[in-house]
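Position 1 is the first residue of the sequence; numbering continues from there. First listed ligand is number 1; within each ligand, the first listed atom is number 1.
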Amino acid sequence: MPSLEDELFPSTPGKFKIDRGHTNMNRQFQRCFASTSTMFLWALFLIALTASYLSFQSFVDSGNRYITASWGGIQWEKQIRNSAHIQRPAGMSVLVTGAAGFVGSHVSLALKKRGDGVVGLDNFNNYYDPSLKKARESLLNRQGIVVVEGDLNDAALLAKLFDVVAFTHVLHLAAQAGVRYAMENPGSYVHSNVAGLVSLLEICKSADPQPAIVWASSSSVYGLNENAPFSESDRTDRPASLYAATKKAGEEITHTYNHIYGLSITGLRFFTVYGPWGRPDMAYFSFTRNILQGKTITIYRGKNKADLARDFTYIDDIVKGCLGSLDTSGESTGSGGKKRGPAPYRNFNLGNTSPVKVPTLVNILEKHLRMKAKRKIVEMPGNGDVPFTHANISLAQREFGYKPTTDLQTGLKKFVRWYLSYYGYNPKDVQ
Ligand SMILES: O=C(O)[C@H]1O[C@H](OP(=O)(O)OP(=O)(O)OC[C@H]2O[C@@H](n3ccc(=O)[nH]c3=O)[C@H](O)[C@@H]2O)[C@H](O)[C@@H](O)[C@H]1O
């Protein structure tokens with residue numbers, strides 16, 4: 001009888017040598033035959049195992065190819081390098097995250113126009129109509145700017161981008177925006193504004209040379225602050241929304257990376273930015289759409305029937321603020337994850353310095369659209385809104401000459417003109 005060991009390990013070399021001197025040939029033959037067929041079965045099993053392993057590997061490989069299909073390869077790298085190519089003396093090569101977004105697309109075009117190299121990154125998520133993002137991307141493409149489709153949390157993609165281009169600057173504008181949406185989808189704020197930010201900083205800190213980073217914080221960090229106008233030295237530890245809390249977290253996180261790794265960091269506290277190619281989720285945009293469609297608009301009102309007010313800031317002024325910040329960012333001091341000395345850490349308000357009440361904003365829209373709004377006034381729900389915002393911009397003025405020049409009347413006129421042409425309304429129909 002074959003031992004258990006024989007059964008389990010039938011292919012052990014030399015184990016089944018035929019003993020020719022044995023008289024019981026038949027038995028020998030049977031044993032040998034039995035062993036051979038077991039060997040055969042095991043061989044079959046091994047072949048099947050190898051085949052399944054190989055096909056699994058090829059499935060994994062093809063999966064990876066699918067995941068990375070939108071980036072990688074010699075041709076792709078060439079496009080990225082062309083896009084990042086600097087065309088002016090002492091120019092910069094900038095990675096703009098959120099490049100297909102409102103502010104990102106405007107600043108990318110301005111950078112390219114003055115001869116800087118720009119590579120965009122955007123995940124084209126569907127927080128609002130992605131076709132608007134695609135339309136902005138087309139504008140950028142026409143100026144030779146490539147927008148890579150990918151998420152901040154894709155560390156392999158970020159590493160690849162820094163392999164291909166030694167970016168001098170990162171303008172980090174990709175974020176989950178919107179104050180009130182944070183109650184519906186809190187996870188998206190953590191994903192983009194916290195995890196995504198850290199993922200980007202990790203790559204930047206390890207880069208050699210390290211880029212200088214300018215990124216979008218928010219006026220919302222002032223939260224329940226009542227000192228007006230808001231100064232950078234005011235309290236920012238009482239956020240009123242999760243959106244604000246993630247932006248405040250961003251300011252703390254970037255401080256850490258500045259402190260440990262010597263990254264140059266500039267945070268920009270944007271005050272309710274508006275203008276052509278804007279964000280459809282914002283009040284001025286959705287009010288315009290609803291007024292044109294004859295739908296009722298809801299206007300929130302604060303305590304004691306006080307109107308809410310915002311320091312609405314026109315996009316062209318914000319673009320100038322972004323360029324000024326990039327130009328004065330100073331250099332990161334570290335390389336390859338090691339700090340070599342202190343680097344700049346700055347936060348600036350970029351606002352308009354003249355708050356306007358929301359009902360006044362609606363009056364201006366009515367005038368430009370030549371249509372009456374159907375208004376419904378409701379008490380401000382506890383949704384993260386703050387009663388007013390008002391920027392003190394003296395710090396940005398001093399540091400890089402920031403000076404907003406567009407008032408809400410003028411800015412909304414430009415917005416309405418863009419809106420009507422983009423969405424195909426004939427202004428004559430809008431009487
Ligand atoms: O500065 C910022 O850091 C933020 O600015 C922007 O937030 P907000 O100032 O809240 O702008 P926005 O939504 O246009 O509401 C404007 C006003 O209309 C009121 N509002 C709004 C909607 C509505 O239906 N009714 C209404 O009265 C509303 O109560 C508010 O008083 C960006 O979206 C945000 O991403 C961030 O960048």
Side-chain angles (χ1 to χ4, degrees), residues 98 101-104 127-128 173-185 188-189 192-193 215-223 225 229-230 232 236 239-248 250-251 267-275 278-291 295-303 305-315 317-318 321-322 347-353 355-365 373-391 393 404 408 411-412 415:
F102 173 32
V103 179
Y127 167 60
Y128 62 79
L173 302 172
Q176 176 58 60
V179 174
R180 291 161 290 281
Y181 180 65
M183 291 178 72
E184 273 174 60
N185 189 357
S188 67
Y189 290 78
S192 294
N193 305 359
W215 74 286
S217 181
S218 159
S219 73
S220 65
V221 298
Y222 290 108
N225 176 45
F230 302 167
E232 288 84 348
T236 54
S241 65
L242 183 68
Y243 168 71
T246 58
K247 285 296 180 180
K248 172 66 180 167
E251 293 190 355
L268 302 177
R269 295 174 178 169
F270 294 152
F271 282 69
T272 314
V273 189
Y274 72 99
R279 274 175 32 213
D281 61 310
M282 289 184 67
Y284 74 96
F285 202 118
S286 64
F287 286 170
T288 300
R289 187 177 48 223
N290 288 334
I291 293 170
K295 291 185 184 159
T296 303
I297 61 169
T298 304
I299 299 173
Y300 302 134
R301 196 161 59 181
K303 275 189 199 140
K305 303 195 171 171
D307 289 326
L308 304 182
R310 288 290 178 274
D311 198 359
F312 296 101
T313 310
Y314 189 63
I315 182 66
D317 291 323
I318 290 294
C322 290
N347 282 309
F348 295 110
N349 287 343
L350 290 187
N352 194 48
T353 71
V356 175
K357 291 177 177 173
V358 176
T360 309
L361 166 104
V362 178
N363 295 345
I364 299 172
L365 285 176
K374 293 179 188 155
R375 304 178 189 219
K376 182 178 160 202
I377 316 273
V378 303
E379 292 302 304
M380 182 172 76
N383 56 11
D385 262 335
V386 292
F388 76 98
T389 61
H390 184 181
I393 56 158
L408 192 61
L412 282 181
F415 166 73

Participant: Mark up the atoms of ligand 1 that fall under 4.0 Å of a heavy atom belonging to Ile299, in ascending order.
Facilitator: 27 (O)
Participant: Report the member of Tyr243, Phe312, Tyr222 with the shortest heavy-atom distance to atom 36 (C) of ligand 1.
Facilitator: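 The nearest heavy atom belongs to Tyr243.
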Participant: Short question: side chain of Thr313, backbone of Phe271 - any donor-acceptor pair under 3.5 Å?
Facilitator: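 Here the side-chain-to-backbone pair exists.
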Participant: Compute the shortest N/O to N/O distance between Arg279 and ligand 1 and return yes if it is under 3.5 Å, no if not.
Facilitator: yes
Participant: Are side-chain N/O atoms of Asn349 and Tyr222 paired as donor and acceptor at under 3.5 Å?
Facilitator: yes
Participant: Give the residue, atom name and distance (to 0.1 Å) of the protein heavy atom nearest atom 13 (O) of ligand 1.
Facilitator: Arg180 NH2, 2.4 Å
Participant: Looking only at protein heavy atoms, which one is nearest to atom 2 (C) of ligand 1, and how far off is it?
Facilitator: Ser219 OG, 3.2 Å
Participant: Kindly indicate whether the side chain of Val378, heavy atoms from C-beta on, has any atom under 4.5 Å from the side chain of Ile299.
Facilitator: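 Contact flag for Val378/Ile299 side chains = no.
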Participant: Hey, does Thr296 have a side-chain heavy atom less than 4.5 Å from the side chain of Asn290?
Facilitator: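 Result no, sub-4.5 Å side-chain heavy-atom pair not found.
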Participant: Who's the nearest protein heavy-atom neighbour of atom 6 (C) of ligand 1, and how far?
Facilitator: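 The protein heavy atom lying closest is Met282 CE, 3.8 Å.
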Participant: I'd like to check whether Gly178 has a polar contact with ligand 1, where a contact means an N/O of the residue lying under 3.5 Å from an N/O of the ligand.
Facilitator: yes
Participant: Quick one: does any side-chain atom of Thr288 pair with a main-chain N or O of Tyr284 as donor and acceptor, under 3.5 Å?
Facilitator: yes
Participant: Against heavy atoms of Leu308, which atoms of ligand 1 measure under 4.0 Å?
Facilitator: 29 (O), 31 (O)
Participant: For atom 24 (O) of ligand 1, what's the nearest protein heavy-atom neighbour? Residue, atom name and distance, please.
Facilitator: Thr298 O, 3.4 Å
Participant: Evaluate Phe270 for polar contact with ligand 1, using N/O atom pairs at a separation under 3.5 Å.
Facilitator: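 By distance alone, the answer is yes.
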Participant: Can you tell me the protein heavy atom closest to atom 17 (C) of ligand 1 and the distance?
Facilitator: Val358 CG2, 3.8 Å
Participant: Compute the shortest N/O to N/O distance between Arg310 and ligand 1 and return yes if it is under 3.5 Å, no if not.
Facilitator: yes
Participant: Quick one: which ligand 1 atoms are inside 4.0 Å of a heavy atom on Thr272?
Facilitator: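 Per the distance check, 1 (O), 2 (C), 5 (O), 9 (O), 11 (O).
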Participant: For atom 19 (C) of ligand 1, which of the options Phe388, Tyr181, Tyr300 provides the nearest non-hydrogen atom?
Facilitator: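 When every heavy atom of Phe388, Tyr181, Tyr300 is considered, Tyr300 comes closest to atom 19 (C) of ligand 1.
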Participant: What is the nearest protein non-hydrogen atom to atom 14 (O) of ligand 1, stated with its residue, atom name and distance?
Facilitator: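 Of the protein heavy atoms, Ala283 N, 2.8 Å lies nearest.
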Participant: Side chains of Tyr243 and Arg180: does their closest heavy-atom pair fall under 4.5 Å?
Facilitator: no
Participant: Go through the structure and list residues passing side chain to side chain donor-acceptor pair (under 3.5 Å) with Thr246, not counting sequence neighbours.
Facilitator: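 By the side chain to side chain donor-acceptor pair (under 3.5 Å) rule, Thr246 matches Asn193.
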Participant: Does a donor on one side chain sit under 3.5 Å from an acceptor on the other, for Tyr314 and Asn352?
Facilitator: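 No donor-acceptor contact under 3.5 Å links the two side chains.
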Participant: Would you call Arg269-Glu251 a salt bridge at under 4.0 Å N-O?
Facilitator: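 Looking at Glu251 together with Arg269, the answer is yes, because their closest N to O distance falls below 4.0 Å.
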Participant: Show which atoms of ligand 1 fall inside a sub-4.0 Å distance from at least one heavy-atom site of Val179.
Facilitator: 7 (O), 10 (O)
Participant: Does Ser188 reach the main-chain N or O of Asn185 with its side chain, forming a donor-acceptor pair under 3.5 Å?
Facilitator: yes
Participant: Under 4.0 angstrom from ligand 1, any heavy atom of Tyr274?
Facilitator: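 Tyr274: no contact with ligand 1 (<4.0 Å).
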Participant: Any nitrogen or oxygen of Val386, main chain or side chain, under 3.5 Å from a nitrogen or oxygen of ligand 1?
Facilitator: no
Participant: What's the shortest distance from atom 29 (O) of ligand 1 to any protein heavy atom, and which residue and atom give it?
Facilitator: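 Looking only at protein heavy atoms, the one closest to atom 29 (O) of ligand 1 is Asp385 OD2, 2.7 Å.
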Participant: What about the rings of Phe270 and Phe348, do their centers lie closer together than 6.0 Å?
Facilitator: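 No; Phe348 has its ring centre 6.0 Å or more from that of Phe270.
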Participant: Taking C-beta and beyond as the side chain, do Ser219 and Asp311 meet within less than 4.5 Å on heavy atoms?
Facilitator: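 They are not in contact (no side-chain heavy atoms under 4.5 Å apart), so the answer is no.
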Participant: Regarding Lys247 and Ser217, do their side chains bring together a donor and an acceptor under 3.5 Å, going by distance alone?
Facilitator: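 Short answer, no.
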Participant: Out of all atoms in ligand 1, which are within 4.0 Å of some heavy atom of Phe271? Include the element for each.
Facilitator: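 Every atom of ligand 1 under 4.0 Å from some heavy atom of Phe271: 1 (O).
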Participant: Counting N and O atoms only, with roles assigned by atom type, does the side chain of Tyr189 sit under 3.5 Å from a partner on the main chain of Ala177, one being a donor and the other an acceptor?
Facilitator: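 Answer holds: yes.
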Participant: Any idea which atoms of ligand 1 are less than 4.0 Å away from a heavy-atom of Ala177?
Facilitator: 35 (O)
Participant: Near Ser218, which atoms of ligand 1 are under 4.0 Å from a heavy atom of that residue?
Facilitator: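 Listed by number with element, the hits are 2 (C), 3 (O).
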Participant: Which atoms of ligand 1 are found less than 4.0 Å from any heavy atom of Ser220?
Facilitator: 3 (O)
